[in-house]
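One structure is given here, and the rest of the page talks about it.
All residue numbers refer to positions in the sequence shown, counting from 1. The basis for the numbers below is simple: all heavy atoms, side chains too, and nothing from hydrogens, waters or symmetry mates.
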Amino acid sequence: MVGVAWVFEVPRLASDVNTALKDMGTELKGHYTVDCTIYNPSEKVKADEELRKEIQDCYLLHHSHYPESSFIQRGAINRRTAAIVDRGLDLLLTKVSSPVLVPDTAGKFEVTGNEYQLVDFYIRVGAALMNSNTKGVIVEIEYAPSALPSQCGGLLEEAVGQLFPELKLATPKFFLSHEEYIMADTVEQYLKVFQEMRQKAT
C-alpha cells in the first residue's frame, strides 16, 4: 500500500534540512531518486494540424521506490492523463521518439537525496537538478499507515508545520479526497514542482 504523500519545494539547502531532521531523531533509511524527461512533438507532428490535436507533450517519470515502473503524464497540467506502465516502455519511447516525439534532454529533471523515518512518516529530501544545474530542494513527506487523503491530510499539515514552520503552503485539494491514493498521485506532485522550477528558470 502507498501512503499519502505531500511533495513541495523548500527554500533551504538540502544539507540544512538533513541536519535538522537528524537533530529531530529521525532514522536514515537510505537514498532515493526521481527523474523526469519531457518528450515534445517533433517538427513533423507540429506541421500536421490533425497530428497536433492527437499528439501532445509527454512526461516520463521514475521513482526509485517503484524501480520496475514508468509513470506517464500527458497533456495540460489541469487535465492530464496518467498511466503506470512497465519500465520497458522507455525503450519503446526511444524507438518512436525520432518521427513522433523528441526528448528534451536539456529540460530533464533529476532528484537525488536521503530518506528518513520518523515514527509513521517517511521524509525524503533531495536536490533537484535540471541539465546539471541545481534548481532547488524538494521534500516528500509520506504518512505510511493510510491511503485515504481525507483521513490523514490534517496529520500531514501538522507534520509540515512542525518540520518547516517558515513555509506557508496552501492545503492541497486532494487532502479532501475519499479516493484511494496511488503512486501516480505522488509523481504528479513532483511534475508540478518541476514545472514551477522550470518556469522560474526562464
Side-chain angles (χ1 to χ4, degrees), residues 3-40 57-67 69-74 76-78 80 82 87 90 93-94 97 101-118 121-142 156-157 159-170 172 183-202:
V4 178
W6 190 358
V7 180
F8 50 89
E9 183 182 2
V10 295
R12 294 196 209 172
L13 295 175
S15 57
D16 292 342
V17 178
N18 289 330
T19 298
L21 290 174
K22 290 175 185 176
D23 291 343
M24 293 184 66
T26 58
E27 178 186 355
L28 178 63
K29 303 298 290 186
H31 304 285
Y32 85 106
T33 61
V34 177
D35 66 75
C36 173
T37 302
I38 305 171
Y39 286 80
N40 298 314
D57 291 342
C58 177
Y59 303 86
L60 176 67
L61 299 100
H62 304 103
H63 195 298
S64 58
H65 274 237
Y66 289 80
S69 299
S70 295
F71 299 86
I72 305 296
Q73 303 282 353
R74 171 182 172 271
I77 198 163
N78 61 344
R80 183 170 286 122
R87 191 79 180 233
D90 295 26
L93 268 178
T94 301
S97 63
L101 294 167
V102 179
D104 179 6
T105 53
K108 180 176 181 178
F109 269 93
E110 295 180 280
V111 178
T112 57
N114 296 329
E115 177 184 55
Y116 301 89
Q117 183 177 5
L118 183 63
F121 292 91
Y122 287 90
I123 306 161
R124 301 176 184 102
V125 182
L129 303 179
M130 186 179 77
N131 195 24
S132 301
N133 296 314
T134 301
K135 294 302 177 185
V137 175
I138 297 177
V139 171
E140 174 192 339
I141 298 184
E142 176 189 355
L156 281 165
E157 284 192 287
V160 170
Q162 292 181 356
L163 294 169
F164 305 99
E166 74 277 12
L167 296 181
K168 304 299 180 185
L169 299 174
M183 191 61 196
D185 296 322
T186 298
V187 171
E188 172 78 6
Q189 292 182 71
Y190 271 102
L191 182 54
K192 288 180 179 179
V193 175
F194 291 153
Q195 292 189 326
E196 289 169 359
M197 287 180 166
R198 187 168 184 168
Q199 289 172 359
K200 287 190 296 185
T202 57

Between [X] and [Y], which heavy-atom pair has the shortest distance, and what is it?
X	Y	answer
Ala106	Met130	O-CG, 3.7 Å
Leu156	Ile141	CD2-O, 3.6 Å
His62	Ser70	NE2-OG, 3.2 Å
Cys58	Ile72	SG-CG2, 3.7 Å
Leu191	Cys36	CD1-SG, 3.8 Å

Next item on the list: Could you tell me how the ring of His63 sits relative to the ring of Tyr190: parallel (under 30°), tilted (30 to 60°) or perpendicular (over 60°)?
Entry: perpendicular

Report yes if some heavy atom in the side chain of [X] is under 4.5 Å from a heavy atom in the side chain of [Y]; otherwise report no.
X	Y	result
Val17	Phe164	yes
Ile138	Met197	yes
Gln162	Met24	no

Margin query: Looking at Glu142 and Gly3, would you say the former's side chain and the latter's main chain have a donor-acceptor pair under 3.5 Å?
Written below: yes

Check: Does Tyr32 offer a backbone N or O that forms a donor-acceptor pair with the side chain of Ser64 under 3.5 Å?
Finding: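 Here the side-chain-to-backbone pair does not exist.
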
Checklist line | side chain to side chain contact (heavy atoms under 4.5 Å, CB included) between Asn18 and Tyr116, intermediate numbers included | finding: CA-CA 9 Å; Asn18 289 330; Tyr116 301 89; 3.0 Å; yes

Between [atom1] on residue [X] and [atom2] on residue [Y], distance to nearest 0.5 Å:
X	Y	atom1	atom2	value
Glu115	Thr26	CD	OG1	11.0 Å
Ile123	Gln117	CD1	CD	9.5 Å
Tyr59	Gln195	OH	CD	4.5 Å
Ile38	Arg198	CD1	CZ	3.5 Å
Leu60	Phe71	CG	CZ	10.5 Å
Thr112	Leu129	OG1	CG	6.0 Å

Item checked: Verdict with reasoning, Glu110 to Thr33, per side chain to side chain contact (heavy atoms under 4.5 Å, CB included) -> CA-CA 7 Å; Glu110 295 180 280; Thr33 61; over 6 Å; no

Side-chain donor/acceptor pairs under 3.5 Å, residues 6-13, sequence neighbours excluded:
{"from": "Glu9", "atom 1": "OE1", "to": "Lys200", "atom 2": "NZ", "distance (Å)": "3.0"}
{"from": "Glu9", "atom 1": "OE2", "to": "Lys200", "atom 2": "NZ", "distance (Å)": "3.2"}
{"from": "Arg12", "atom 1": "NE", "to": "Glu166", "atom 2": "OE2", "distance (Å)": "2.8"}
{"from": "Arg12", "atom 1": "NH2", "to": "Leu163", "atom 2": "O", "distance (Å)": "3.2"}
{"from": "Arg12", "atom 1": "NH2", "to": "Glu166", "atom 2": "OE1", "distance (Å)": "3.2"}
{"from": "Arg12", "atom 1": "NH2", "to": "Glu166", "atom 2": "OE2", "distance (Å)": "3.2"}

Check: Does Thr19 have any side-chain contact (heavy atoms from CB on, under 4.5 Å) partners at least two apart in sequence or in another chain, and if so, which?
Finding: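 Applying side-chain contact (heavy atoms from CB on, under 4.5 Å) to Thr19 gives Asp23.
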
Next item on the list: Starting from the C-alpha separation in whole Å, work towards a yes-or-no answer on side chain to side chain contact (heavy atoms under 4.5 Å, CB included) for Phe109 and Leu61.
Entry: CA-CA 9 Å; Phe109 269 93; Leu61 299 100; over 6 Å; no

